[in-house]
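What follows is one structure encoded as structure tokens, with my remarks underneath.
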Amino acid sequence: MADILLLSKISGVESSLVTPEPQRRRPSPKRAPRRMELPLGDEIQAWSKPVQPVEDLDSVARRYPRRKLSLSSERKPMEFYDTPERPKAFSMDSLEFFFLIAQYFREALPLRLILLMIACQKAGGQIRLTQEEMATVLDVARAKINEALQEVMSHGIVFKVRRGVYQFNPPYSYRVAEFIPGTELVEAEYVQVDQDRTIAKIRKDESLPDLVRFPSLEHMREAIEELRKKRAEERAARRLARAQRQEEGSAQ
């Protein structure tokens, strides 16, 4: 009888501690995964540690400038087309030429026109653009294009072959080769015209101006120096006149 009473007491205590409602397990707080940064100094240690996911190769390259990054992908349109089998599919431009025309031309239109003609060259340096097309691309009046084009041509930078076709002087800018992608009807074509052949052809043509046949930028250098000298003299004259006015004001 005593055992029965003891068991009933124990059952009563246990039932008071247990709720009839179902209990839900509390989830443990989630912790953000720890991201290890790539060690900057120890290359061997870097391979044994997890790194942050790569989202932007440019930012990774800036952060770790000593490391070489590469990613296989299709060749982009802005990249040079160049393979061992078909080399030199690119343009060659004289840095000295760019340096001088940036100083010489005081108006923007001649410079814009030169850049447009460089961009539109075909293999061999020919530019197939009419003045109407130049005016449309640069969004200016044709009369302005004709004026700027005459100025550019007067320096032997380009010359007219026929209507709508101009030739860049090879020492200044020259497209050696170009790859013309194929279509369903036309096969792809690689065109290459070596610079020395074009130069020889131009020099043999006695109908062209001497500045075209034997190009030189010396006249531009001289003009730049003359302009700077003239401006220096004008600044000195203005300073002198200002000093004289100040002296006269003090005397009064």
Side-chain angles (χ1 to χ4, degrees), residues 75-83 86-181 188-203 205 208-224 227:
R75 187 177 297 275
K76 302 298 185 297
M78 292 298 291
E79 294 178 356
F80 292 137
Y81 185 90
D82 187 22
T83 63
R86 293 178 170 181
K88 296 192 298 185
F90 55 88
S91 297
M92 298 188 300
D93 301 296
S94 168
L95 298 182
E96 179 69 9
F97 169 67
F98 285 140
F99 183 74
L100 287 177
I101 64 174
Q103 300 174 75
Y104 181 83
F105 291 107
R106 300 288 163 172
E107 300 294 332
L109 187 55
L111 288 172
R112 294 175 63 202
L113 185 58
I114 290 173
L115 292 176
L116 173 63
M117 300 180 86
I118 289 176
C120 294
Q121 287 185 84
K122 298 294 182 181
Q126 283 198 352
I127 308 114
R128 299 171 188 172
L129 283 176
T130 64
Q131 292 189 25
E132 291 86 352
E133 291 170 334
M134 297 176 192
T136 300
V137 173
L138 298 180
D139 194 22
V140 296
R142 182 185 169 183
K144 293 289 186 180
I145 288 292
N146 182 60
E147 181 181 346
L149 183 59
Q150 293 301 323
E151 182 178 4
V152 171
M153 292 173 61
S154 68
H155 298 292
I157 296 171
V158 298
F159 61 90
K160 187 174 181 178
V161 178
R162 58 182 181 275
R163 187 181 184 279
V165 180
Y166 299 85
Q167 171 72 47
F168 229 109
N169 213 325
Y172 301 144
S173 179
Y174 189 78
R175 177 160 295 176
V176 179
E178 63 176 321
F179 176 74
I180 305 174
E189 183 181 8
Y190 178 85
V191 182
Q192 178 174 326
V193 184
D194 290 334
Q195 187 187 45
D196 57 339
R197 296 182 182 179
T198 303
I199 292 176
K201 182 179 179 181
I202 291 174
R203 288 186 175 175
D205 190 350
L208 296 173
D210 287 345
L211 198 56
V212 172
R213 296 174 61 202
F214 306 99
S216 173
L217 297 174
E218 191 60 34
H219 69 289
M220 282 191 176
R221 295 188 184 93
E222 294 174 356
I224 292 169
L227 180 60

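When reading the values below, keep in mind they use all heavy atoms of this one structure, side chains included, and skip hydrogens, waters and symmetry mates.
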Item to check | Criterion side-chain contact (heavy atoms from CB on, under 4.5 Å) against Phe159, the qualifying member of Val152, Asp205, Leu208, Leu211 | outcome: Leu208
Item to check | salt bridge (charged side-chain N to carboxylate O under 4.0 Å, His left out) against Glu222, all qualifying residues, sequence neighbours excluded | outcome: none
Spatial distance of atom [atom1] ([X]) from atom [atom2] ([Y]) [nearest 0.5 Å]:
X: Gln131; Y: Lys144; atom1: CD; atom2: NZ; result: 14.0 Å
X: Leu138; Y: Arg112; atom1: CG; atom2: CZ; result: 4.5 Å
X: Ile101; Y: Ile157; atom1: CD1; atom2: CD1; result: 6.0 Å
X: Gln192; Y: Glu178; atom1: CD; atom2: CD; result: 11.5 Å
X: Ile114; Y: Glu151; atom1: CD1; atom2: CD; result: 8.5 Å

Item to check | side chain to side chain contact (heavy atoms under 4.5 Å, CB included) assessment of Arg221 paired with Glu96 | outcome: CA-CA 11 Å; Arg221 295 188 184 93; Glu96 179 69 9; 3.1 Å; yes
Checklist outcome for this item: Sorted by chain and number, sequence neighbours left out, side-chain contact (heavy atoms from CB on, under 4.5 Å) with Gln103 holds for Phe99, Leu100, Ile224, Arg228
So, for [X] and [Y], which heavy atoms are closest and what is the spacing to 0.1 Å?
X: Pro171; Y: Ser94; value: O-CB, 3.4 Å
X: Tyr172; Y: Ser216; value: OH-N, 3.3 Å
X: Val193; Y: Gly124; value: CB-CA, 3.8 Å
X: Tyr166; Y: Leu129; value: CE1-O, 3.4 Å
X: Ala177; Y: Ala123; value: CA-CB, 4.0 Å
X: Ile199; Y: Pro170; value: CG1-CB, 3.6 Å

Contact between [X] and [Y] at the side-chain level, heavy atoms closer than 4.5 Å - yes or no?
X: Phe168; Y: Asp93; value: no
X: Tyr104; Y: Leu111; value: no
X: Arg175; Y: Gln126; value: no

Item to check | Full working for side chain to side chain contact (heavy atoms under 4.5 Å, CB included) between Tyr190 and Ile180 | outcome: CA-CA 6 Å; Tyr190 178 85; Ile180 305 174; over 6 Å; no
Is it true that atom [atom1] of [X] has more than 12 heavy atoms of other residues, nucleotides or ligands lying nearer than 6.0 Å?
X: Glu147; atom1: CD; result: no
X: Arg197; atom1: CZ; result: no
X: Asp139; atom1: CG; result: no
X: Arg106; atom1: CZ; result: yes

Checklist entry - Could you go step by step and tell me if Lys160 and Val165 meet the side chain to side chain contact (heavy atoms under 4.5 Å, CB included) rule? => result CA-CA 6 Å; Lys160 187 174 181 178; Val165 180; over 6 Å; no
Checklist entry - How are the rings of His155 and His219 set to each other: parallel, tilted or perpendicular (split at 30° and 60°)? => result parallel
Checklist entry - Lys122 and Ile127: side chain to side chain contact (heavy atoms under 4.5 Å, CB included), yes or no, with the steps? => result CA-CA 6 Å; Lys122 298 294 182 181; Ile127 308 114; over 6 Å; no
Next on the checklist: For a quick check under 3.5 Å, do Gln167 and Asn169 share a side-chain donor-acceptor pair by atom type?
Outcome noted: no
Next on the checklist: Under 3.5 Å, is there a donor on one side chain and an acceptor on the other for Ser91 and Gln121?
Outcome noted: no
Item to check | side chain to side chain donor-acceptor pair (under 3.5 Å) partners of Thr198, counting only residues at least two apart | outcome: Tyr174
Next on the checklist: Between Arg142 and Glu133 (salt bridge meaning N to carboxylate O under 4.0 Å), is one present in this structure?
Outcome noted: no
